[in-house]
There are 2 protein chains.
Amino acid sequence: MRNRPIPEATVARLPIYLRSLLDMAETTGELTVSSEELARRAGVNAAKVRKDLSYLGSYGTRGVGYDVEYLLYQITRELGLTQDWPAALVGIGNLGRALASYKGFSERGFRISALFDVSDDVVGTETGGLTVRHLDELKEVVAEDNICIGIISTPPNSAQEVAERFVDAGVKSILNFAPSVVNVPPDVNVRKVDLSIELQILSFYQQRTQAIATAREANRRLGAQGQG
Amino acid sequence: MRNRPIPEATVARLPIYLRSLLDMAETTGELTVSSEELARRAGVNAAKVRKDLSYLGSYGTRGVGYDVEYLLYQITRELGLTQDWPAALVGIGNLGRALASYKGFSERGFRISALFDVSDDVVGTETGGLTVRHLDELKEVVAEDNICIGIISTPPNSAQEVAERFVDAGVKSILNFAPSVVNVPPDVNVRKVDLSIELQILSFYQQRTQAIATAREANRRLGAQGQG
DNA sequence: TCGTGTTTGTGATAACGCTCACAAGCTCGT
DNA sequence: ACGAGCTTGTGAGCGTTATCACAAACACGA
Ligand SMILES: NC(=O)c1ccc[n+]([C@@H]2O[C@H](COP(=O)([O-])OP(=O)(O)OC[C@H]3O[C@@H](n4cnc5c(N)ncnc54)[C@H](O)[C@@H]3O)[C@@H](O)[C@H]2O)c1
Ligand SMILES: NC(=O)c1ccc[n+]([C@@H]2O[C@H](COP(=O)([O-])OP(=O)(O)OC[C@H]3O[C@@H](n4cnc5c(N)ncnc54)[C@H](O)[C@@H]3O)[C@@H](O)[C@H]2O)c1
């Protein structure tokens with residue numbers, strides 16, 4: 001079990017456990033946590049928590065639970081967050097500025113170390129303590145600052161181009177905020193954050209339950225009519 | 001097949017097809033599209049496209065493909081996007097302001113129709129053509145404007161409270177940008193957008209490939225040593 | 001030392017999702 | 001009318017993920 005590769009679904013939950021544990025460590029004085037409690041805080045099933053954690057190793061104690069600090073360290077290590085990952089942000093518009101000045105990243109092991117844009121209105125301005133550079137400097141700066149992560153917050157029609165620049169510069173991990181599909185070589189990992197898609201998924205389920213409610217209402221009326 | 005419930009995984013991809021089709025309709029003059037072509041644009045497998053679309057009905061023509069306009073309409077309808085969904089945004093900070101002034105939502109069937117905050121510094125100010133109101137007015141405004149979707153962009157420690165206000169006001173769909181788990185009744189649908197989690201997942205895979213590279217390097221050196 | 005109560009770690013199994021492969025069905029040219 | 005060439009729609013098989021259920025392991029008090 002120990003040396004099996006960690007399932008993707010588990011990897012996606014480790015950050016949630018990490019956050020729940022950090023929260024616990026700060027607010028409660030508890031030194032240990034049961035899978036039950038961690039599951040409650042993370043909003044998942046307790047068996048899932050145990051199975052997920054078992055992929056990292058047998059870090060729990062039966063009858064007791066998991067040592068909070070030790071588990072924190074293990075998850076941090078597994079996620080590769082013992083070091084700081086320098087990231088570059090391209091596209092310093094409304095969203096880009098919010099990201100650039102966001103303090104939450106550094107608490108979680110990330111540091112936005114360079115900003116890029118192409119517009120003369122933006123290049124040279126300062127945001128979140130960094131001066132915006134021209135996209136043409138990307139490759140150079142990536143090499144200098146050892147940047148590992150690229151973040152795209154340009155309009156969608158520029159996303160593919162920016163992604164290719166990142167790939168060319170040797171960046172292997174890309175987070176894309178633009179609502180467009182970007183194609184990259186198989187050794188590059190792209191994840192997307194798409195607000196509109198999330199809203200559309202909500203819309204689907206919302207509409208579905210409303211449709212059911214409407215149908216039920218219609219039924220009720222028909223029933224009343226039939227009886228009246 | 002037709003009346004089976006649509007799998008979650010399919011629902012999550014419908015918005016991507018929708019976008020790809022809109023893009024096609026605008027840029028190319030093609031009236032039809034094959035599953036192959038749509039798959040390429042959406043960045044998925046062609047068989048997956050066909051199976052996904054088959055849940056909506058048999059809207060394709062064998063030997064030809066799918067009628068772009070008709071498919072656009074069907075997906076739009078299925079996602080409930082034939083109507084505009086009014087949304088309320090709570091927490092008008094850096095991220096909230098970017099969201100409030102984002103033009104992309106209205107193109108996709110959403111309209112942010114009210115902004116809320118609790119800070120005196122923010123309440124009463126204007127962003128994206130809307131005046132920020134106090135959170136205490138939430139329930140009233142939700143009823144008046146028939147608001148269906150709640151968006152949370154407050155700090156994480158306020159997210160649960162805001163979610164409960166939304167639930168109390170009758171909102172059944174919530175999008176949460178705060179990095180915290182919110183608990184709601186089972187008839188309420190919460191989705192989260194969490195940038196740090198996405199970065200942490202990237203970190204995991206990045207670190208993994210770097211670790212492999214390092215191990216290979218170490219091996220190479222040991223081999224050289226053994227031979228030298 | 002032993003029994004009781006608790007909690008982990010993990011096989012087993014069910015549910016879900018992805019991909020393949022191909023028959024069914026369409027268009028079009030002859 | 002018919003065959004060639006495409007493309008859809010979907011059953012079947014397989015891999016992944018979720019959940020259950022329980023033996024193994026620990027703490028603690030008598
Ligand atoms: N603002 C939001 O709340 C929001 C919400 C959801 C999605 N998005 C998406 O995020 C992206 C950015 O949104 P925004 O509101 O910040 O847009 P914006 O127009 O305010 O900013 C875009 C920035 O990208 C720069 N840019 C354009 N082409 C570029 C290129 N090739 N290389 C480098 N920089 C380039 C522009 O100069 C501009 O500064 C968009 O794709 C948008 O759809 C934004
Ligand atoms: N800014 C980013 O780029 C970014 C990135 C990732 C995640 N986030 C998350 O998004 C959320 C908002 O981030 P931000 O940078 O805009 O923060 P911010 O501090 O700039 O803004 C938060 C706003 O919420 C308001 N607020 C606080 N408590 C409230 C309450 N109970 N009800 C209503 N409003 C309340 C504050 O008055 C403030 O205006 C945070 O949870 C943050 O972690 C932000």
Side-chain angles (χ1 to χ4, degrees), chain A residues 1-17 20-21 24 30-72 74-75 78 186 201 204-205, chain B residues 1-17 20-21 24 30-72 74-75 78 186 201 204-205:
Chain A
M1 190 96 186
R2 211 58 13 74
N3 286 335
R4 294 241 179 294
I6 302 182
E8 278 193 40
T10 295
V11 173
R13 281 188 296 267
L14 289 180
I16 305 178
Y17 302 147
S20 305
L21 287 166
M24 258 202 81
E30 296 295 331
L31 297 177
T32 63
V33 61
S34 68
S35 61
E36 201 79 39
E37 168 71 7
L38 183 52
R40 203 187 50 73
R41 285 171 176 269
V44 299
N45 182 296
K48 196 145 55 176
V49 169
R50 291 200 295 277
K51 189 143 250 181
D52 284 343
L53 296 182
S54 78
Y55 288 110
L56 312 187
S58 286
Y59 297 145
T61 308
R62 297 172 189 218
V64 180
Y66 300 87
D67 182 285
V68 174
E69 286 300 327
Y70 189 57
L71 192 53
L72 265 175
Q74 290 298 341
I75 295 180
E78 196 69 47
I201 295 172
F204 173 85
Y205 290 108
Chain B
M1 191 95 184
R2 213 58 14 71
N3 287 334
R4 294 241 179 293
I6 302 182
E8 277 194 40
T10 295
V11 173
R13 280 188 297 267
L14 289 179
I16 304 178
Y17 302 148
S20 305
L21 287 166
M24 259 202 81
E30 297 294 332
L31 297 177
T32 63
V33 61
S34 68
S35 60
E36 201 80 38
E37 168 71 5
L38 184 51
R40 200 187 51 72
R41 285 171 177 271
V44 299
N45 181 296
K48 193 145 59 174
V49 168
R50 291 200 295 276
K51 189 145 251 179
D52 284 343
L53 296 182
S54 77
Y55 288 109
L56 312 186
S58 286
Y59 297 145
T61 307
R62 296 172 188 218
V64 180
Y66 301 87
D67 182 284
V68 174
E69 286 300 328
Y70 189 56
L71 193 53
L72 265 174
Q74 290 299 341
I75 296 179
E78 196 69 47
I201 295 171
F204 173 84
Y205 291 108

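Only heavy atoms go into these numbers, but all of them, side chains included; no hydrogens, no water, no symmetry mates. Every chain is numbered from 1 and lettered A, B, ... according to where its sequence line falls, protein lines coming before strand lines.
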Please report the interatomic distance CD(A:Glu30) to CG(A:Leu21), rounded to the nearest 0.5 Å. 12.5 Å
For B:Tyr59 and C:dG25, what is the distance between atoms OH and C1' respectively, to the nearest whole Å? 19 Å
Interatomic distance, A:Leu56 CG vs C:dT10 P [rounded to whole Å]: 12 Å
Spatial distance of atom CZ (A:Arg41) from atom CD1 (A:Ile16) [nearest 0.5 Å]: 14.5 Å
Rounded off to whole Å, could you give me the NZ-to-C1' distance for the B:Lys51 and D:dT8 pair? 13 Å
By nearest atom, which of the nucleotides C:dC20, D:dT17, D:dT8 is closest to the B:Tyr66 side chain? D:dT8
To the side chain of B:Lys48, which of C:dT19, D:dG9, D:dA21 is closest? C:dT19
From CZ of A:Arg13 over to P of D:dT16, roughly how many Å is that when rounded to an integer? 15 Å
Measure from the side-chain heavy atoms of A:Ser54 and tell me the nearest of D:dG9, C:dT7, C:dT10. C:dT10
With a 4.0 Å cut-off, would you call A:Arg40 and A:Glu36 a salt bridge? no
Rounded at 0.5 Å granularity, tell me how far CG in A:Leu56 sits from CG in A:Leu71. 7.5 Å
Respond yes when some side-chain nitrogen or oxygen of B:Thr61 is under 4.0 Å from OP1 or OP2 of C:dC26, and no when none is. no
Take atom CZ of A:Arg62 and atom P of D:dA23, then tell me their distance rounded to the nearest Å. 12 Å
Specify the closest pair of heavy atoms between A:Tyr17 and A:Leu38, including all atoms of both residues, with the distance to one decimal. O-CD1, 4.2 Å
Using a cut-off of 4.0 Å on non-hydrogen atoms, how would the nucleic acid contact of B:Ala9 be classed: base, sugar-phosphate, or nothing? sugar-phosphate
Between C:dT27, D:dT7, C:dG9, which nucleotide has the shortest distance from any of its atoms to the side chain of A:Ser58? C:dG9
If you only use heavy atoms from C-beta on, which nucleotide in C:dG17, C:dT8, D:dC20 is closest to the side chain of B:Glu8? C:dG17
Would you please confirm or rule out a distance under 4.0 Å between OP1 or OP2 of D:dT8 and any side-chain N or O of B:Ser35? yes
More 5' along DNA chain D: B:Ser34 or A:Gly63, using each one's nearest nucleotide? B:Ser34
Nucleotide C:dC16, atom C1' - distance to OH of B:Tyr55 in whole Å: 10 Å
Whole-Å distance, A:Arg50 CZ to D:dT17 C1', equals 16 Å
Measure the distance from CG on A:Asn45 to P on D:dC20 and round it to the nearest whole Å. 6 Å
